[in-house]
Amino acid sequence: MTDAAEPTRTNFIRQIVEADLAAGTHDRVVTRFPPEPNGYLHIGHAKSIALNFGLAESLGGQCNLRFDDTNPHKENVEFVEAIKTDVRWLGFEWGGQARFASDYFERLYGFAVELIEQGLAYVCELDAEQMREYRGTLTEPGRPSPWRDRPVAENLELFARMRAGEFPDGSRTLRARIDMAAPNINLRDPVLYRIKHGVIHHQTGDAWCLYPTYDFTHPLSDAIEGVTHSLCTLEFEDHRPLYDWCVEHVSVPSRPRQIEFSRLNLEYTVTSKRKLTELVAEGHVDGWDDPRMPTIAGLRRRGYTPTALREFCERIGVTKSENRVEMAMLESAIRDDLDAHAPRRMAVLRPLKVVLTNYPEDEVLNISAANHPKDESMGSREIPFGRELYIDRADFAEVPPKGFKRLVPGGEVRLRNAYVIRCDEVVKDAAGEVVELRASIDPATLGCKPEGRKVKGVIHWVAAAHAVAAEVRLYDRLFRVAMPGAEGQDYRNDINPDSLEVLVDCMLEPSLGGAQPGERFQFEREGYFVVDPDSTAQRPVFNRTVGLRDSWGKGNG
RNA sequence: UGGGGCGUGGCCAAGCGGUUAAGGCACCGGGUUUUGAUCCCGGCAUCCCCAGGUUCGAAUCCUGGCGCCCCAGCCA
C-alpha cells in the first residue's frame, strides 16, 4: 500500500487548488460531492469521492455531501441512505449535515426573481417540441422565443403563478435570456425551472410544483455553500459558461470555480446509472449489491475494502484524457490489501476424499498453523489432521499435464502445514470416475523436509471428520467483452452467462465455522474470500473476491 | 460542415524549453519460498498522433493536418 514516506500523488486539479491556496485566492478549500439520489453509487463515483473528499481532507479543507435532488420523479430516500452508507464506508466524513439542493429551493427561487428583474430570465410558453425547433441545431443558430421580450412585471407575475400551481406541467418554463445564436447550445436560453405537479419530493413533499434544473441549481448551490472548487466530469465542460453566468448575475455570496476531469471507464463493466438500473430491474443481477455489480455496495459484498478502492483511485489518477482502465488494475489493488491483511485458511472447493492407510483410525493431530506467512502478529490457529481428508480434485491428476506438480498415482506431494503423502491407489466408481484416493504419509516429514528427495508440490487439505460444509460463490466478470455495448449493440447482449458459479459442497477447516459476514480470508492457493450475509450459523456462504495470481493456471489446468 | 475537449509503451499516468522520457498495472525472464501466492532482482518508448517551423536545445513553444470523445432533455 501507499508508503508513508512517499509523497502524495498529485494531479492537475490538486495542483490548481494548491496554487490557489498559495496565491491566497482562497484560504481554505471547500469541495462537494453532489450525487443525485436516483441510484446506487458505483466505482466511477468512488473516483469522484476520492478526489473531492481526499483533496479537502489532505489540505485541511471541507467536502460537503450534497444531494442534487432537483428531479423528484427518479429519486427516493432509499438511495439517499444507500449513498450516505457508501461514502461513510469508503472512510470519508462530510462537513456538517448532509445537504440537499432542495434545502435551497426558496433561495433559488429568489435568485430566479433577481434574474427576471434584471431582464435576464423570462417565462416561456413554448412546449418541449417547439422549444427544440426554436433551439436550432449544432450548425444553425436558434430563433428567439416569441415570449422572450415579455415585460419584467409580466414575467414576475407569471413566475409567481407558476409557483402557485396555476399552470399545468409543460405549459411554461422559466428560461434564462442569454443568446439564441450562441455556438454553445447550452447558452441558447436554457430552461431554469419547469413545472411538475403531483410528485411527492422525498425532502420537500408537496411544497413545490416548480423545480429548478441542474444548470441553475448546481452553480448557485455551490456558491451558497462557499464551495471553492466544483469538480465534475468532462461532459459538463460545455456547461461551464452557463455555470459562470448564473453565479455572476445573482447576489450569491461566493464565486466557485468549476473544473472538469474525465470519468472512469473500467473494462468489462458498465457504469451508467441507466444501465445499472436496468440490470437490477430486469433481473440480470440480484440487486444493487450483487457482488458482480460495479457499485460500491456490490464491491463491498464482493469483499473489496475501502483501502483497496481508495488505492485504486490513487493509481488511476485524475486527468482530462479519455481512458479505459483494465480490470487488472482494480484486482491488483485488492490483492495488495488482502495479501497483507487477510488471515490464511484452508478450504477445499471441489472435494476428493483421501484415506491415509498408514494413519491410525481415530487419532487426531492438532497442527498449529500461522495465520500469515510473513506477519507473526496475526497469530496462528490449530488445524485437526486425521486419517480421512479432502483435497481439491484439481490437485490430483491421473494423467498429469506437463509441468504438473501436484498429486499423481504413485507420486508424492506435501500437504500444506502437514505431512508429505504418497498416492498408492486410485479408487473409481462404476462410471470410471475417481471417487477416492488411498495414500500413505511419510511420518518423518511433519515440519521437516523429506530425506533423499525433493517434493515440489504443496496442496491444501481439510480433515474430513472436522470439515465445515459451506457454499462458495465464484464470480467472474459480468460482461464478456471489454466494452459492453460497443458498436451500437445492446450492452445486454454482452452479459457473461457464466458470471456466477455456485459450489455447494465445499469443505472448510473448522476455524472457519464461526466466521461472520464481512470477514475476509485468503483460502490458500485459491484466492481471497469474504463471508456473505446469506450465511447462516449452520452453513456459511463465501464469495470469492478475487483469485490469487496464477502463473501456472494461465495456459494449463 | 457550429462549439467544447483529448491524443506519451498493451493499460493508467508523470513530464510545465536542457531528464538516460518517472512510477504503477500487465507481460517476459531469474532468485527465495511447505500458498505454482507473496517477496526480491532484471527486461520492457533513441521516442512522445503526423508534418512543417521557432530555438544552441522541443514530448514540452508556433502553424497546419489527422484521429477520438462530448453537446441539439422542461435528465444530471
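This one's a predicted model, so the numbers in the text were calculated from it and none came from an experiment. Side chains included, hydrogens not; waters and symmetry mates left out as well; all remaining heavy atoms used. Sequence lines set the chain letters: A, B, ... in the order given, protein chains first and strands last, and positions in each chain run from 1.
We find that CG of A:Leu138 is positioned 12 Å from P of B:rU1, with the value rounded to whole Å. If you take CD of A:Gln258 and C1' of B:rG5, they are 13 Å apart, rounded to a whole angstrom. At whole-Å resolution of the value, CG in A:Asn38 and C1' in B:rC75 are 9 Å apart. Across the protein-nucleic acid pair, A:Arg274 atom CZ and B:rG73 atom P stand 16 Å apart, rounded to whole Å. Rounded to whole angstrom, the span from the CG atom of A:Asp69 across to the C1' atom of B:rA76 amounts to 12 Å. In this structure, CZ of A:Arg310 is placed 19 Å from C1' of B:rG24, rounded to the nearest angstrom. For the pair A:Asn184 CG and B:rG5 P, the interatomic distance rounds to 10 Å; values are reported in whole Å. At whole-Å resolution of the value, OH in A:Tyr243 and C1' in B:rA76 are 15 Å apart.
A salt bridge is defined here as a Lys NZ or Arg NE, NH1 or NH2 lying under 4.0 Å from an Asp or Glu carboxylate O, and A:Arg315 with A:Asp336 meets this definition. Contact check on A:Glu125 versus A:Arg175 returns no salt bridge, with no Lys/Arg side-chain nitrogen under 4.0 Å from an Asp/Glu carboxylate oxygen. A salt bridge links A:Asp339 to A:Arg344: one of the charged nitrogens lies within less than 4.0 Å of a carboxylate oxygen. Salt-bridge formation is not detected for the pair A:Arg310/A:Glu314: no Lys NZ or Arg NE/NH1/NH2 atom is positioned less than 4.0 Å from an Asp or Glu carboxylate oxygen. The pair A:Glu235-A:Arg263 counts as a salt bridge, with a side-chain nitrogen and a carboxylate oxygen less than 4.0 angstrom apart. Ion pairing between A:Glu225 and A:Arg66 holds under the 4.0 Å rule for side-chain N and carboxylate O.
Taking the side chain of A:Asp238 as heavy atoms from C-beta on, and the options B:rA76, B:rC70, B:rC39, the nearest nucleotide is B:rC70. Proximity note for A:Arg132 (side chain, C-beta onward) versus B:rU35, B:rG73, B:rC75: the nearest is B:rG73. Distance from the side chain of A:Leu234 is smallest to B:rG5 among B:rG5, B:rG36, B:rU38. The A:His239 side chain lies nearest to B:rA76 when the options are B:rG36, B:rC71, B:rA76. Listed nucleotides: B:rA76, B:rC39, B:rC74. Nearest to the side chain of A:Lys374: B:rC39. Closest contact between the side chain of A:Arg525 and the listed nucleotides B:rG4, B:rU1, B:rG36 involves B:rG36.
A:Ala182 comes within contact range of no nucleotide atom at all, as no heavy-atom separation falls under 4.0 Å. Backbone-only engagement by A:Ala328 is indicated by non-hydrogen atom pairs under 4.0 Å involving sugar-phosphate atoms exclusively. Nucleic acid contact for A:Lys273: none, since no nucleic acid atom lies under 4.0 Å from a heavy atom of the residue. A:Gln522 comes within 4.0 angstrom of a nucleotide base, judged by non-hydrogen atoms across all strands. When heavy atoms are screened at a 4.0 angstrom cut-off, A:Tyr193 is found touching no nucleic acid atom at all. Counting any heavy atom pair closer than 4.0 Å across all strands shown, A:Leu126 reaches a base atom. Among the atoms of the strands shown, none is found under 4.0 Å from any heavy atom of A:Gly527. Looking at heavy-atom distances under 4.0 Å, A:Met131 makes contact with a base. Contact annotation for A:Gly457: no contact, since no heavy-atom pair falls under 4.0 Å across all strands. Counting any heavy atom pair closer than 4.0 Å across all strands shown, A:Asn417 reaches a base atom.
Figure legend. B:rC6 is base-paired to B:rG67; pairs are counted as Watson-Crick or G-U wobble with both atom distances under 3.5 Å. Look at B:rA26: it lacks any Watson-Crick or wobble partner with both distances under 3.5 angstrom.
With a 6.0 Å cutoff to the six-membered ring centre and a 45° limit on the axis angle, A:Lys320 does not count as a cation-pi contact of A:Phe261. Cation-pi geometry between A:Arg150 and A:Tyr122 is not satisfied (NZ or CZ under 6.0 Å from the ring centre, within 45° of the ring normal).
Within residues 160-169 of chain A, no residue places a heavy atom under 4.0 Å from RNA chain B.
Scanning both residues, A:Pro450 and A:Arg414, for their nearest heavy atoms gives CD-NH2, 4.0 Å.
Exactly one residue among A:Phe159, A:Tyr211, A:Trp208 makes a ring pair (Phe, Tyr, Trp, His ring centres under 6.0 Å) with A:Tyr193. That residue is A:Phe159.
Between A:Arg549 and B:rU38, a side-chain N or O to OP1/OP2 separation shorter than 4.0 Å is present. In terms of phosphate contacts, A:Arg135 brings a side-chain nitrogen or oxygen within less than 4.0 Å of OP1 or OP2 of B:rC74. Applying the 4.0 Å criterion to OP1 and OP2 of B:rC74, one finds that A:Arg175 has every side-chain N and O outside that range. Contact annotation: A:Arg194 side-chain N/O to B:rC75 OP1/OP2 distance is under 4.0 Å.
At a cut-off of 3.5 angstrom, counting only N and O atoms as typed in the model, there is no donor on one side facing an acceptor on the other between the side-chain of A:Glu526 and the base of B:rU35.
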Distances for protein N/O vs nucleotides 9-16 of chain B N/O pairs under 3.5 angstrom?
{"from": "B:rG10", "atom 1": "N2", "to": "A:Glu326", "atom 2": "OE1", "distance (Å)": "3.1"}
{"from": "B:rC11", "atom 1": "O4'", "to": "A:Glu326", "atom 2": "OE2", "distance (Å)": "3.0"}
{"from": "B:rC11", "atom 1": "O3'", "to": "A:Arg324", "atom 2": "O", "distance (Å)": "3.4"}
{"from": "B:rC11", "atom 1": "O2'", "to": "A:Arg324", "atom 2": "O", "distance (Å)": "3.0"}
{"from": "B:rC12", "atom 1": "OP1", "to": "A:Arg324", "atom 2": "N", "distance (Å)": "3.3"}
{"from": "B:rC12", "atom 1": "O2'", "to": "A:Ile316", "atom 2": "O", "distance (Å)": "2.7"}
{"from": "B:rA13", "atom 1": "OP1", "to": "A:Thr319", "atom 2": "OG1", "distance (Å)": "2.7"}
{"from": "B:rG15", "atom 1": "OP1", "to": "A:Gln15", "atom 2": "NE2", "distance (Å)": "3.0"}
{"from": "B:rC16", "atom 1": "N4", "to": "A:Gln15", "atom 2": "OE1", "distance (Å)": "3.0"}
{"from": "B:rC16", "atom 1": "N4", "to": "A:Gln15", "atom 2": "NE2", "distance (Å)": "3.1"}

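Residue ring and nucleobase are stacked for A:Trp552 and B:rG36, with a centre distance beneath 5.5 angstrom and an angle between planes beneath 30°.
At a threshold of 4.5 Å between non-hydrogen side-chain atoms, the residues A:Trp461 and A:Ile383 count as touching.
Distance check on atom C1': B:rG10 versus B:rG5 gives 25 Å, rounded to whole Å.
B:rG29 takes the anti form, because its glycosidic angle lies more than 90° either side of 0.
A:Asp189 contributes a side-chain N or O that, together with a main-chain N or O of A:Ile178, makes up a donor-acceptor pair within less than 3.5 Å.
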